[in-house]
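Here the structure is laid out as structure tokens; the discussion comes afterwards.
What you are looking at is a predicted structure, and each value in this text was computed from that prediction instead of being measured.
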Amino acid sequence: MIIGRKEEINLLKGITKDDRSHFVAVYGRRRVGKTFLIRESYDYKFTFQHAGLSNGGLKEQLFAFCSSLKDSGYTFKRKPENWLEAFEGLKDVIRQSQDEKKIVFIDELSWMDTPKCDLMIALENFWNAFASARKDVILIVCASATSWMLSKVVHNKGGLYNRLTDQIKLQTFTLKECEDYINANSLAFTRIQILQYYMIFGGVPFYWSFLKKGFSITQNIDNILFAKDAPLKKEFEYLYASIFKNPKVYLKIIYALGTKKIGMTREEIIENTDIPNSGDLTVKLDELESCGFIRKYTAFGMKTKNSIFQLIDNFTLFYYKFLQTYPTDEHYWANQINTPALNNWLGLAFERICLEHINQIKMKLGISGVHTEVNSWYCKANSEKGIFGSQIDLLIVRDDQVINLCEMKYSGTNYTIKQEDDEAIRNRISDLINVTKTRCAVFPTLITTYGLADNGYASNIQSVVTLDDLFV
């Protein structure tokens with residue numbers, strides 16, 4: 001059973017009714033459910049389907065492709081020596097097919113693109129000279145290497161330039177979609193428990209498939225990550241290696257960003273990694289961003305050249321906090337409950353979840369139809385200018401001349417605004433106005449798990465967003 005993905009399913013099914021051929025690119029991070037989406041949408045019925053080999057050279061890739069052609073009823077008279085010859089076989093499979101729509105699904109296309117091979121030339125020739133000249137071909141290519149898909153297919157500057165008819169960037173699940181998955185699989189977890197699991201694995205559907213009935217969230221986490229034969233104990237080792245051919249440099253950047261919550265400028269990354277300042281660094285940062293591991297943002301009021309790169313992948317951040325030391329305690333997570341390390345992590349992880357659910361926050365604030373920019377912001381203290389020094393992780397800057405200054409607080413009960421909290425919020429508002437010279441009204445906004453406790457300081461909060469509001 002497939003959860004969510006209504007727009008994507010409608011697109012994939014809808015193109016079968018068109019009187020023309022379609023070339024579709026589907027991309028998104030590893031484990032997000034690309035292959036499952038395509039197979040479910042077409043009820044596992046394809047004229048031809050193939051998946052590239054993760055580590056094969058040209059010889060092995062061609063052999064596997066010929067095997068897939070054989071599964072489709074075709075046999076080569078002689079083995080192809082290159083992709084141009086191999087795709088001639090695919091053309092014959094289509095010519096011989098009696099299917100009303102010839103659905104061709106090539107998965108993990110990036111793995112097939114071995115050094116000095118003619119794969120992209122062959123794909124270009126197949127589409128431009130053959131498939132696009134027909135009315136009955138649906139070519140779907142897919143890969144987890146998002147950066148490769150963007151550069152080689154989506155933004156191709158050669159023969160495939162502007163040839164895609166459709167593209168799908170498959171996003172991770174929201175909290176609501178994870179709840180739908182939980183309910184569909186008859187798992188009995190509360191929203192706070194779903195949130196805690198999301199803090200570790202984000203909305204990557206594959207990771208949610210490991211949850212078992214009859215176990216608490218804590219027991220499940222121990223079984224999935226910390227038990228002797230835990231299925232995801234070594235997931236981090238494969239996560240980057242499966243996407244990037246040379247993950248070492250990418251992991252240098254990731255490790256550096258993991259040491260600073262707010263993120264780093266390009267210059268700080270260079271300083272902390274010894275990676276040369278070059279176009280190659282730009283490419284790698286773009287690739288990490290396109291794969292969803294980091295985000296690039298410009299702090300409110302700052303120039304674009306001062307952009308900050310921030311590590312936002314939930315599982316990577318969890319790994320650096322708890323898994324990197326390879327704990328041997330099979331009940332490690334259960335023994336972390338109520339420890340300072342866990343409580344601190346819960347607060348930081350909750351902030352990331354809020355950043356992933358901006359649409360839901362805007363809906364609660366009643367500003368879904370208002371154009372906004374989502375920013376972080378910081379300034380250093382300067383006593384001479386009356387600046388206290390502030391870091392604000394979430395500003396929602398609205399076109400209606402209002403800024404929601406968001407305080408994100410994870411709490412086991414209704415959150416209580418204390419005197420020091422109230423003072424800190426007022427100082428941040430003061431800094432924001434003094435430094436940026438904004439003329440917008442600044443609304444202090446609380447995003448928390450359960451709600452706001454009523455006391456003398458509560459009335460200063462203009463809006464409250466709770467966990468339930470994120471499950472929309």
Looking only at the aromatic ring of each residue, does the gap between the centers of Trp148 and Tyr27 stay below 6.0 angstrom?
no
Answer yes or no: is there an ion pair linking Lys91 with Glu88, defined by an N-O contact shorter than 4.0 Å?
yes
Check Thr265, Leu285, Thr298 against Ser307 for a side-chain contact (heavy atoms from CB on, under 4.5 Å) and give me the one that passes.
Thr298
Side-chain (Thr114) to main-chain (Cys117) donor-acceptor, under 3.5 angstrom:
no
Does CZ in Phe206 sit with more than 12 non-hydrogen atoms of other residues, nucleotides or ligands closer than 6.0 Å?
yes
Centroid separation Tyr319 to Phe315 less than 6.0 Å
no
Is the count of non-hydrogen atoms from other residues, nucleotides or ligands lying under 6.0 Å from Lys362 atom NZ greater than 12?
yes
CA sep, side-chain torsions, deciding dist, call: Tyr297, Gln310, side chain to side chain donor-acceptor pair (under 3.5 Å)
CA-CA 8 Å; Tyr297 71 90; Gln310 183 183 37; 5.0 Å; no
Kindly state whether the ring of Trp208 and the ring of Phe189 have centres lying under 6.0 angstrom apart.
no
Under the side chain to side chain donor-acceptor pair (under 3.5 Å) rule, what do Asp99 and Ser97 come out as? Steps first, then yes or no, please.
CA-CA 5 Å; Asp99 296 336; Ser97 174; 3.3 Å; yes
So if I apply the ring pair (Phe, Tyr, Trp, His ring centres under 6.0 Å) rule between Phe236 and each of Tyr326, Phe322, Tyr320, which one comes out positive?
Tyr320
So Tyr415 and Glu407, side chain to side chain donor-acceptor pair (under 3.5 Å) or not? Walk me through it.
CA-CA 11 Å; Tyr415 187 77; Glu407 294 285 318; over 6 Å; no
Go through it in stages, so that I can follow the logic: the residues are Ser110 and Lys152, the test is side chain to side chain donor-acceptor pair (under 3.5 Å), and I'd like the CA-CA distance, side-chain angles, deciding distance and then a yes or no.
CA-CA 9 Å; Ser110 61; Lys152 293 295 187 75; over 6 Å; no
